[in-house]
Every structure is written in C-alpha cells, then in structure tokens.
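For reference, the structure is listed below as structure tokens.
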Amino acid sequence: MHEDGNNGTGGGTAPVAPRCVDQEFLALERELTVLLRRARANQGEMAREVHPDLEPAAYGLLIRLDEQGGQRATDLAAYIGVGKATMSRQLRALEDLGLIAREPDPADGRAWLVTLTDEGRGRVGQVREARRARYVSQLAHWDRREVAELARLLHQLNGIAEK
C-alpha cells in the first residue's frame, strides 16, 4: 500500500486505520492531539496575560520557577528540553521584561540561580489563579473524585513521558 493510503492510485479514499491498533489507543491519540493543540493555544494566551511581549515558550519557564524556586539555567534547559543558546536567549528576554533575576548560587559561588522577581511572581500568580478559576468553572458539574482521578491519570501519563 502507498504511504497516502490509496494504493498509489491517486484516488481520494481516506486512509484506513491498521487493524492491529486498538480503537482505545486511536481514541487516546485523537483526544491527546486535541488537548495538546488547545494547551498550546492557552499557553500563548497565558503568556500574553503575564506580559504582552512574553513568548509562549517562556511561560513554562516561569511556571517551573514559580513551583521549584531558583534553578540553574542548565537545569531549566534540561527540564524544558532546549539547548544552552535557546535557554540563554529566553532568560535574557525574561530578564529584560523584569520577570526574572539571576543571583549567585549559595551552593556554588561560580554558578548562578535564576529566580522570579517579585513582579514576575505576582504576574504569574495572577494568571495561574485565573486559570484555576476557569477550571473550577468549566468542571463545576464534575464530581471532585473525577477531577482528582483525571489529575492522577495525567500525573501518571506525564511520569511516563519524562522517562
């Protein structure tokens, strides 16, 4: 069969799912694709709410710093999955916006820790609180045990993805 699923004939037939794939996994793929597409769009919106000039990709750095406190740039790069040059550029932009600062690492005077400024912490906190309020509103008809189960399953999925 040809890659486009039409036996190379150029016909307009839709690709057929392989018979060996469970329908549950196809449904999972479809729903995760929708979730990730919406998450990327939401990340851009949240980044703009923190600061109009903030790149969507940098929003995740702010969340990490908010949750974990001061981090070395190399640790942030490893967590996000980008190279040193990309991390350096993103941190410089965040510093220029007044959202982060660099301070000496007390454990190693040669290294620097990246931390949120008071301004950065306040802006990120406001956006995160507004996002949580949206979740509460959108899921108000759900039983709290369902919300907890969804969080547990997503945590489990994220743990697998980190390995």
Side-chain angles (χ1 to χ4, degrees), residues 24-163:
E24 295 85 358
F25 289 97
L26 289 172
L28 175 63
E29 177 192 20
R30 181 176 47 254
E31 295 305 324
L32 283 175
T33 299
V34 171
L35 178 67
L36 293 172
R37 188 177 333 111
R38 288 181 179 160
R40 278 191 296 275
N42 286 338
Q43 186 172 4
E45 291 172 18
M46 290 180 286
R48 285 186 297 279
E49 289 175 23
V50 170
H51 193 285
D53 297 328
L54 182 64
E55 293 181 26
Y59 180 77
L61 292 173
L62 297 176
I63 297 302
R64 180 72 173 178
L65 291 170
D66 189 41
E67 291 178 347
Q68 300 294 315
Q71 303 269 296
R72 289 183 178 189
T74 53
D75 294 334
L76 286 169
Y79 175 75
I80 300 293
V82 298
K84 289 180 185 180
T86 299
M87 181 55 54
S88 180
R89 182 185 60 77
Q90 287 183 344
L91 292 176
R92 195 169 29 259
L94 290 170
E95 202 168 18
D96 290 346
L97 295 174
L99 301 173
I100 65 161
R102 299 173 202 235
E103 56 189 46
D105 184 345
D108 181 355
R110 299 167 299 165
W112 293 85
L113 291 179
V114 178
T115 61
L116 287 175
T117 62
D118 289 341
E119 176 75 13
R121 189 172 296 102
R123 287 177 179 240
V124 168
Q126 286 178 322
V127 171
R128 294 187 84 186
E129 186 58 39
R131 182 176 57 177
R132 278 190 294 276
R134 282 193 299 265
Y135 290 154
V136 169
S137 173
Q138 291 170 339
L139 301 176
H141 64 284
W142 284 34
D143 184 281
R144 285 197 175 252
R145 290 175 296 211
E146 292 175 316
V147 175
E149 180 66 1
L150 177 60
R152 186 189 71 75
L153 290 170
L154 288 171
H155 178 76
Q156 188 175 341
L157 181 63
N158 285 329
I160 292 168
E162 287 180 7
K163 292 178 183 178

Rounded at 0.5 Å granularity, tell me how far CZ in Arg48 sits from CD in Glu45. 6.0 Å
Answer yes or no: does atom CD of Gln68 have more than 12 heavy-atom neighbours from other residues, nucleotides or ligands under 6.0 Å? yes
Determine whether Glu29 and Thr33 make a side-chain contact, defined as any pair of heavy atoms from C-beta on separated by less than 4.5 Å. yes
Test item: Val127 and Leu62 side chains (from C-beta on) under 4.5 Å apart, heavy atoms: no
Contact check, side chains of Val50 and Met46, non-hydrogen atoms, under 4.5 Å: no
May I ask you to test the Leu91-Leu76 pair for a side-chain heavy-atom distance under 4.5 Å? yes
Would you name the heavy atoms of Ala77 and Gly83 that are closest together and state the gap between them? CB-O, 4.3 Å
Looking at CD1 of Ile100 and OG1 of Thr117, how far apart are the two atoms once the value is rounded to the nearest 0.5 Å? 8.5 Å
Any ion pair linking Arg132 and Glu129 (charged N to carboxylate O, less than 4.0 Å)? yes
Heavy-atom side-chain proximity of Arg128 to Ile63 below 4.5 angstrom: yes
Which heavy-atom pair separates Leu65 from Val114 by the least distance, and what is that distance? CD2-O, 3.2 Å
Distance-minimising heavy-atom pair for Leu54 and Ala58: CD1-CB, 3.7 Å
Quick one: does any side-chain atom of Asn158 pair with a main-chain N or O of Leu154 as donor and acceptor, under 3.5 Å? yes
Within 6.0 angstrom of Asp108 CG, more than 12 heavy atoms from elsewhere: yes
In terms of side-chain geometry, is the basic nitrogen of Arg152 or Glu149 positioned less than 4.0 Å from the acidic oxygen of its partner? yes
Nearest heavy atoms of Arg102 and Ser88, plus distance in Å: NH2-O, 4.2 Å
Under the criterion side-chain contact (heavy atoms from CB on, under 4.5 Å), I'd like the reasoning laid out for Lys84 against Met87: C-alpha separation, chi angles, the key distance, then a yes or no. CA-CA 5 Å; Lys84 289 180 185 180; Met87 181 55 54; 5.7 Å; no
How close do Arg110 and Trp112 get, counting heavy atoms only, and between which atoms? O-CD1, 4.2 Å
Can you tell me how far apart CG (Asn42) and CZ (Arg37) are? Round to the nearest 0.5 Å. 12.5 Å
Mind checking the CG-CG spacing from Asp96 to Asp53? Nearest 0.5 Å is all I need. 10.5 Å
Measure the spacing between OG1 of Thr115 and CZ of Arg121 and express it to the nearest 0.5 Å. 7.0 Å
dist Leu36:CG -> Leu32:CG (nearest 0.5 Å) comes out at 6.0 Å
Nearest heavy-atom approach of Glu55 to Ala47 is O-CB, 3.9 Å
Find out whether Gln71 and Leu113 are in side-chain contact, i.e. whether some heavy atom of one side chain is under 4.5 Å from a heavy atom of the other. no
